[in-house]
Peer 1: 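This is the structure I have questions about; it appears just below.
The sequence lines fix the lettering, A, B, ..., with proteins before strands; numbering per chain opens at 1. Any value given below was found using the heavy atoms of this structure, including those in side chains, with hydrogens, waters and symmetry copies removed.
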Amino acid sequence: MYFGMNEHIMKQVGIRGKDIVVLGVEKKSVAKLQEERTVRKICALDEHVCMAFAGLTADARIVINRARVECQSHRLTVEDPVTVEYITRYIATLKQRYTQSNGRRPFGISALIVGFDYDGTPRLYQTDPSGTYHAWKANAIGRSAKTVREFLEKNYTDESIASDKDAIKLAIKALLEVVQSGGKNIELAVIRRNQPLKILESKEIETLVAEIEKEKEEEAEKKKQKKSS
Amino acid sequence: MEYLIGIQMKHDYDKMFKLSEKILLLCVGEAGDTVQFAEYIQKNVQLYKMRNGYELSPAAAANFTRKNLADYLRSRTPYHVNLLLAGYDEADGPGLYYMDYLSALAKAPFAAHGYGAFLTLSILDRYYRPDLTREEAVDLLKKCLEELNKRFILNLPSFTVRLIDKDGIHDMEKLPIGPK
């Protein structure tokens with residue numbers, strides 16, 4: 001059941017930078033009469049953690065709500081914000097419980113969870129419907145995730161994530177590999193250390209896409225010149 | 001025979017809880033109940049912000065607090081706390097809410113809890129005007145503290161003062177009272 005699921009899932013990319021974590025999601029083009037802002041795939045769980053999900057939106061709502069309550073409950077009992085691993089483990093445990101009892105079906109979502117621990121370390125985790133979770137430096141889920149992951153394996157270096165902007169551009173580049181129509185279909189969210197979640201406006205994304213296209217052209221020009229000389 | 005009595009309370013105990021960027025809750029009363037109840041309200045106000053993407057208004061937060069206090073009052077585990085909730089709303093401006101341990105809620109131009117209230121409320125009654133400027137309001141507060149210094153049996157060496165306006169919560173310098 002889970003192997004075929006990937007085909008219908010919107011592409012998502014998560015990148016862990018040095019001082020920034022980035023989540024990029026392919027935006028499904030909405031119908032003409034539909035209000036765009038109600039289709040939100042990236043949600044804040046707390047001020048320093050957010051997650052993007054792929055799969056059944058209705059199931060995701062439940063998981064996100066439980067996670068948000070747990071984030072505040074944790075703050076209440078231990079006076080500390082959750083670590084990204086803690087809340088990932090909580091979500092994964094919740095999902096696993098629903099795979100092992102009768103009368104219930106598993107949550108049909110995979111999630112990319114990003115954030116900063118209170119000691120300042122950036123984290124990226126991925127969970128799937130079975131309830132397993134793993135930490136990643138960069139990852140992709142959804143259609144053609146394999147292609148995107150291969151792109152990331154080639155291009156994720158210390159250089160390529162040296163600055164915040166570079167990390168964001170890497171996420172966009174990774175998504176552009178597989179997203180058809182370019183900047184308009186990308187939704188991007190970033191968390192910087194000690195700052196709340198920020199969802200980039202489409203204008204900012206367009207500017208960055210334009211920069212990336214320019215850089216690509218310049219690269220192609222250089223290669224041509226090298227060949228001819 | 002004459003005796004001199006000097007009673008000193010703990011003066012570094014912060015009783016104000018930040019519910020959100022523009023709402024403060026001042027909670028006094030039974031030891032333990034204060035922190036327990038205030039932190040519970042604080043986390044629930046934050047949860048609302050996470051769930052909905054925007055913060056509760058001061059009026060909504062006050063009524064939420066009142067409902068919680070009223071429910072607990074009618075259970076086997078009532079909270080014995082007196083509260084002052086202060087906040088700034090984009091639409092309605094600044095607001096102050098007075099709540100006591102019986103869960104009575106009132107929006108008031110000025111308020112006080114405790115024994116100090118017996119002395120300060122009359123000062124506030126006399127000098128409060130709805131159109132006070134920021135400086136005038138702080139001066140009025142200073143007047144209240146002078147009165148306490150003069151007539152109150154307890155020695156209260158310092159007061160934590162916070163101010164809420166459209167830009168959020170601001171810590172002001174501690175107002176010291178004592179022999180001038």
Peer 1: May I ask you to check whether over 12 heavy atoms, not counting those of A/Asn194, lie within 6.0 Å of atom CG?
Peer 2: no

Peer 1: Looking at A/Asn102, I'd like to know if its CG atom is crowded, meaning that more than 12 non-hydrogen atoms belonging to other residues, nucleotides or ligands lie closer than 6.0 Å.
Peer 2: no

Peer 1: At their closest point, which heavy atom of B/Arg51 faces which heavy atom of A/Val69, and how far apart are they?
Peer 2: NH2-CG2, 3.4 Å

Peer 1: Hey, does B/Asn44 have a side-chain heavy atom less than 4.5 Å from the side chain of A/Gln72?
Peer 2: no

Peer 1: Report, as yes or no, whether the 6.0 Å neighbourhood of atom CZ on A/Arg61 holds more than 12 heavy atoms from other residues, nucleotides or ligands.
Peer 2: no

Peer 1: Heavy-atom distance under 4.5 Å to chain B: side chain of A/Glu79, backbone, both or neither?
Peer 2: side chain

Peer 1: Assess whether atom CZ of B/Arg129 is packed by more than 12 heavy atoms of other residues, nucleotides or ligands within 6.0 Å.
Peer 2: yes

Peer 1: Once you round to the nearest 0.5 Å, how far does CG of B/Leu47 lie from CZ of A/Arg75?
Peer 2: 11.5 Å

Peer 1: Crowded around B/Gln36 CD? As in, over 12 foreign heavy atoms under 6.0 Å?
Peer 2: no

Peer 1: Drop me the distance from A/Thr77's OG1 to B/Glu39's CD, to the nearest 0.5 angstrom.
Peer 2: 10.0 Å

Peer 1: Calculate, to the nearest 0.5 Å, the distance between atoms CD1 and CE belonging to A/Ile64 and B/Met50 respectively.
Peer 2: 13.0 Å

Peer 1: Give a yes or no on whether B/Arg134 atom CZ has more than 12 heavy-atom contacts from other residues, nucleotides or ligands under 6.0 Å away.
Peer 2: no

Peer 1: Nearest 0.5 Å please: distance from the CD atom of A/Glu47 over to the NZ atom of B/Lys49.
Peer 2: 4.0 Å

